[in-house]
There are 2 protein chains.
Amino acid sequence: MSTLRARQKEDRRKRIVSSAKALFKEKGYEKTTIENIAEATGVSGVTVHNYYGTKAGVLLALVVENDEALIARLNESLPTEDIDLVELVVSFAHVIMDHAITHLDKEIWRQVIAAVTTEAGTRLSEAYFRLDQQLAYVLVNRIEAAQAAGAIPAKVDPVHLGKALFHLQNARFVQFISSDAMSREEIETRLRNDMSALFSVCLG
Amino acid sequence: MSTLRARQKEDRRKRIVSSAKALFKEKGYEKTTIENIAEATGVSGVTVHNYYGTKAGVLLALVVENDEALIARLNESLPTEDIDLVELVVSFAHVIMDHAITHLDKEIWRQVIAAVTTEAGTRLSEAYFRLDQQLAYVLVNRIEAAQAAGAIPAKVDPVHLGKALFHLQNARFVQFISSDAMSREEIETRLRNDMSALFSVCLG
DNA sequence: CAAAAATTTTTATTCAATAAAAAAATTTAT
DNA sequence: ATAAATTTTTTTATTGAATAAAAATTTTTG
């Protein structure tokens, strides 16, 4: 039995995030105040704080919501056969960057990264990390498939490789959003260079 | 001829950063107010803002100062001969993590990372990135040396490899400071796993 | 030494964040 | 169905970061 209170709470949550998303898009992150979000939602400013703790908390909730769709999109758009490892990671990065800029602009993504690190250990940053984990495993799964198909040596640990490549991709993603002038093309080139260099080392 | 004004300015700058460092250590970052720093320095709160823009700006100035010493330390403590690539990067990471926690605690490093991303494009974040660049080149130089010694194949591009490995190391560093419970040992293990997996791929 | 220029301080305002008390709504028990 | 108990929201108030503009002070220059 879902009580009236539980339903009201869920409803308010949704409305707060939805108002926030609209306002962030319209006025940018810095310029929208908690009070703006509260007013647009029809609650008091303190209620927004009660629900999400901080303005960044509202933003993280919004991002986590969007990213569920990202994982689905990655799973369907990434190739499963004839996988070249470098191209796999570049496509992965491409989809992520495309998803990012169609939903929010770079200025806001910078706030997201900042919030995730300062709010380490809170409920919302945990949710964000779980999503990162899931993203990494999209890569891991494709690597396992490529290995099964014989495109990658059997001695390679797909979990470690997937995570390492995810971190690398993520570092380049942060670089992408850190400057408005940085293009996806440039980032993709850098990612290719990273991997070419790494894969040419060939230890034991 | 350095004018009196220039000298006073330089002096105030130093005193502000020095007071801030002491206060951050004593009370933590969140608990020290700009007003505290101003009072300890003997200037007004607005002056601190005039000098560094934000509280995070003061923190970045402090970090940049410390990191000059880090580069020197890395250059002397890292091996130049008989270099194993994996061990080189692990030592590199080890020195950086050690340096980090002896100077400031993890909570404060989280603020540093956050500040660098939100304040992208400002004078101080630029200075931080230049230092990151220099750090990456410490690695590049050692790789070049290892290559000259024949420990790494000639086809490897040392600049791309150095930067890629620096990014990887940096991602793990962020993971290190993101949780108080995360140990250096654990991070070093992960870094080894990352590299083992990457170096076992061996593309054409 | 006085006028000009630069810098700091004072003063004031907005907004995030937090806490505590008051008010309003829902739930539960009768 | 209603009154008491509980939960939730709102009101009210406070602290501190950030910013802006005017006033005061100090240094520089002629």
Side-chain angles (χ1 to χ4, degrees), chain A residues 1-16 19-20 23-24 27-62 107-108 110-112 114-115 118-119 121-125, chain B residues 1-16 19-20 23-24 27-62 107-108 110-112 114-115 118-119 121-125:
Chain A
M1 170 201 69
S2 84
T3 70
L4 172 59
R5 269 202 171 131
R7 271 175 286 133
Q8 283 177 327
K9 211 162 217 169
E10 195 49 35
D11 181 58
R12 277 207 195 88
R13 242 176 231 295
K14 277 188 192 140
R15 275 161 48 218
I16 290 171
S19 309
L23 286 166
F24 288 160
K27 320 171 46 169
Y29 180 79
E30 309 267 18
K31 291 262 176 80
T32 71
T33 68
I34 294 264
E35 208 54 54
N36 291 153
I37 298 170
E39 195 189 1
T41 311
V43 295
S44 79
V46 174
T47 294
V48 175
H49 270 113
N50 285 341
Y51 273 68
Y52 291 105
T54 64
K55 192 162 87 161
V58 180
L59 176 57
L60 278 192
L62 193 162
E107 178 230 337
I108 297 189
R110 293 195 279 269
Q111 301 290 340
V112 172
T118 52
E119 245 131 305
T122 66
R123 223 191 92 268
L124 278 159
S125 82
Chain B
M1 169 203 71
S2 84
T3 69
L4 171 58
R5 271 207 167 128
R7 272 175 284 131
Q8 283 176 327
K9 212 163 215 170
E10 196 47 37
D11 182 57
R12 279 207 193 89
R13 244 176 229 294
K14 277 189 191 140
R15 275 161 48 218
I16 290 171
S19 309
L23 285 167
F24 289 160
K27 320 171 47 170
Y29 180 78
E30 308 267 18
K31 290 263 175 78
T32 71
T33 68
I34 294 264
E35 208 54 54
N36 290 155
I37 298 170
E39 196 189 2
T41 311
V43 296
S44 79
V46 174
T47 294
V48 175
H49 271 112
N50 285 341
Y51 273 69
Y52 290 106
T54 64
K55 191 163 87 160
V58 180
L59 177 57
L60 278 192
L62 192 162
E107 178 231 336
I108 297 189
R110 292 194 280 268
Q111 303 289 341
V112 172
T118 52
E119 246 132 305
T122 66
R123 223 191 94 267
L124 278 159
S125 80

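Since this is a predicted model, take the numbers as computed values, not measurements. Each chain gets a letter, A, B and so on, in the order the sequences are listed, and its residues count up from 1.
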To the side chain of [X], which of [options] is closest?
| X | options | value |
| --- | --- | --- |
| A:H49 | C:dT10, D:dG16, C:dA17 | C:dA17 |
| B:N50 | C:dT9, D:dA17, D:dT8 | C:dT9 |
| A:V43 | D:dT10, C:dA6, C:dT10 | D:dT10 |
| A:I34 | C:dT10, C:dA17, C:dT7 | C:dA17 |
| A:V46 | C:dT10, C:dT18, D:dT6 | C:dT18 |

Separation of atom [atom1] in [X] from atom [atom2] in [N], rounded to whole Å:
| X | N | atom1 | atom2 | value |
| --- | --- | --- | --- | --- |
| A:K9 | C:dA25 | NZ | P | 17 Å |
| B:R7 | C:dA6 | CZ | P | 18 Å |
| B:R5 | C:dA5 | CZ | P | 12 Å |
| B:Y52 | D:dA17 | OH | P | 17 Å |
| B:E35 | D:dA18 | CD | C1' | 13 Å |
| A:L59 | C:dA16 | CG | P | 13 Å |
| B:Y29 | D:dG16 | OH | P | 15 Å |
| A:E39 | D:dT10 | CD | P | 13 Å |

Earlier contact from the 5' end, DNA chain D, for A:G42 and B:E30 | A:G42
Of all heavy-atom pairs between A:A20 and A:L62, which one has the smallest distance, and what is that distance?
-> C-CD1, 4.4 Å
Tell me, yes or no, whether the heavy-atom count around B:E107 atom CD, taken from other residues, nucleotides or ligands under 6.0 Å, exceeds 12.
-> yes
Find out whether B:R110 and B:Y29 are in side-chain contact, i.e. whether some heavy atom of one side chain is under 4.5 Å from a heavy atom of the other.
-> no
[X] vs [N]: side-chain N/O to OP1/OP2 distance below 4.0 Å:
| X | N | answer |
| --- | --- | --- |
| B:Q8 | D:dT27 | yes |
| B:R12 | C:dT7 | no |
| B:K55 | D:dA18 | no |
| B:Y51 | C:dT8 | yes |
| B:T47 | C:dT8 | no |

Axial cation check for B:Y52 ring with B:R13, 6.0 Å and 45° limits |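 Verdict for B:Y52: a cation-pi partner in B:R13.
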Electrostatic pair B:D11:B:R15 at N-O distance under 4.0 angstrom = yes
Toward the 5' end of DNA chain C, which comes first, A:K31 or A:G53, by nearest nucleotide?
-> A:K31
